[in-house]
Amino acid sequence: MARSKTWVDFPSKPKWTPPPGAVDAHVHVFGPEAEFPFSPLAKYHPEDATPEMLFALRDHLGFSRNVIVQASCHGTDNAATLNAIAKSTGRARGVAVVDPDIGLDALKRLHAGGIRGIRFNFLKRLVDNAPKDKFIEVAKRIAPLGWHVVVYFEADILEELIPFLEAIPTTIVVDHLGRPDIAQGPNGADIAAFKALLDSHPNIWTKVSGPERLSPMGPPFDDFVEVVRPIVERYPDRVLWGTDWPHPNMEHRIPDDGTLVDVLLRIAVTEDLQHKLLVANPERLYWAD
Ligand SMILES: O=C(O)c1cc(C(=O)O)oc(=O)c1
């Protein structure tokens, strides 16, 4: 498989400066492959996106901290993610992908390495299977650690996932808004179903990320802003935000990360909302201890 490069080398400087302590709460690292090989089951083969590159981007964009989410191309071996957290001098925490049979000792080692949650991925183009029963078992095992669950799914399976989500005893964070069809607009069926989920489940949060993936219009993402600003205002204490650098699989519409930061100002329009989204909310999940 040819190696793919899915990020721009010199993103623009955002026009806006995030508040002190701001967390880019959804990023990944890839490799470096020579040290941390990709999973044999990986569905894509990226170029190296190293911790040093991530930290340079963090500083360039004006963020203080990162949450590094284990990318599917590294399978359940979290060594590359842990390496990046270790190199961050306390400025990164992480979300792991684990073999659901993982034991308590291994979970405690991940905790010591800065992991505070586990991710369940339901995208068929990224993973071969997603065993719900096993996921529920391991979700119950991480609950006493104070961790949460991150779930990545697309809008077409939201309805069928509800019993599964209800069996998870922790906070749940839905990646990229559960990938609604943004073209339906702010009152479309997909986003209405998603709001109904959040309204009836106070433990469910979402990342208001991914304009580059979800917006048919493209930059400056007016369609995304119209749908997502009401979400930030309705659930101000249950939203996180991230660039999603290095943008796995975005080979055609690779975003400028500076432009993504400027979208923030338009979805979180007061200082209070910005502080919750970028500082207070991620602190509660990732820097509580
Ligand atoms: O939509 C994607 O392709 C994607 C992939 C991954 C991953 O491979 O982990 O993570 C994301 O947040 C998004």
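Below, each value reflects all heavy atoms present in this structure, side chains not excepted, and no hydrogens, waters or symmetry copies. Each ligand, and each atom within it, is numbered from 1 in the order the structure gives.
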What protein heavy atom sits nearest atom 5 (C) of ligand 1, and how far away is it?
L126 CD1, 3.4 Å
Check for me whether the distance between the ring centres of Y235 and F194 falls short of 6.0 Å.
no
Closest to atom 6 (C) of ligand 1 among protein heavy atoms sits P248 CG, 3.7 Å
Just to confirm my output: which protein heavy-atom neighbour is closest to atom 11 (C) of ligand 1, and how far is it?
R119 NH2, 3.3 Å
Quick one: does N121 get an N or O within less than 3.5 Å of an N or O on ligand 1?
no
Proximal atoms of ligand 1 relative to S72 (non-hydrogen, under 4.0 Å):
7 (C), 8 (O), 9 (O)
Between P51 and S88, is there a side-chain heavy-atom distance shorter than 4.5 Å?
no
Quick one: does I191's side chain get under 4.5 Å of I231's, heavy atoms only?
yes
Any side-chain heavy atom of R93 within less than 4.5 Å of one from V23?
no
Region of M250 engaging ligand 1 - heavy atom pairs below 4.0 Å
neither
Quick check for you: to the nearest 0.5 Å, what is the distance between W241 atom CH2 and L260 atom CG?
6.0 Å
Atoms in ligand 1 flagged as close to A71, the criterion being non-hydrogen separation under 4.0 Å
9 (O)
Check the pair F55 / R91 against side-chain contact (heavy atoms from CB on, under 4.5 Å), numbers first and verdict last.
CA-CA 9 Å; F55 304 149; R91 295 173 67 181; over 6 Å; no
Residue R125 vicinity, atoms of ligand 1 by number, heavy atom under 4.0 Å
1 (O), 2 (C), 3 (O)
Is there a polar contact, in the sense of an N or O pair closer than 3.5 Å, between H26 and ligand 1?
yes
Under a heavy-atom criterion of less than 4.0 Å, does H176 contact ligand 1?
yes
Angle between ring planes, H28 versus H26, binned at 30° and 60°: parallel, tilted or perpendicular?
perpendicular
Against ligand 1, does R179 come closer than 4.0 Å with any heavy atom?
yes
At less than 4.0 angstrom from any non-hydrogen atom of N249, what atoms of ligand 1 do you find?
2 (C), 3 (O)
How about NZ on K108, more than 12 heavy atoms from neighbouring residues, nucleotides or ligands closer than 6.0 Å, or not?
no
Once you round to the nearest 0.5 Å, how far does OG of S209 lie from CG of L177?
6.5 Å
Any K43 heavy atom less than 4.0 Å to ligand 1
no
Relative to ligand 1, is D175 under 4.0 angstrom through side chain, backbone, both or neither, heavy atoms considered?
neither
Check D244 against ligand 1 and report side chain, backbone, both or neither, counting heavy atoms closer than 4.0 Å.
side chain
Would you say W147 and V98 are hydrophobically clustered, going by side-chain heavy atoms of ILVMFWY under 4.5 Å?
yes
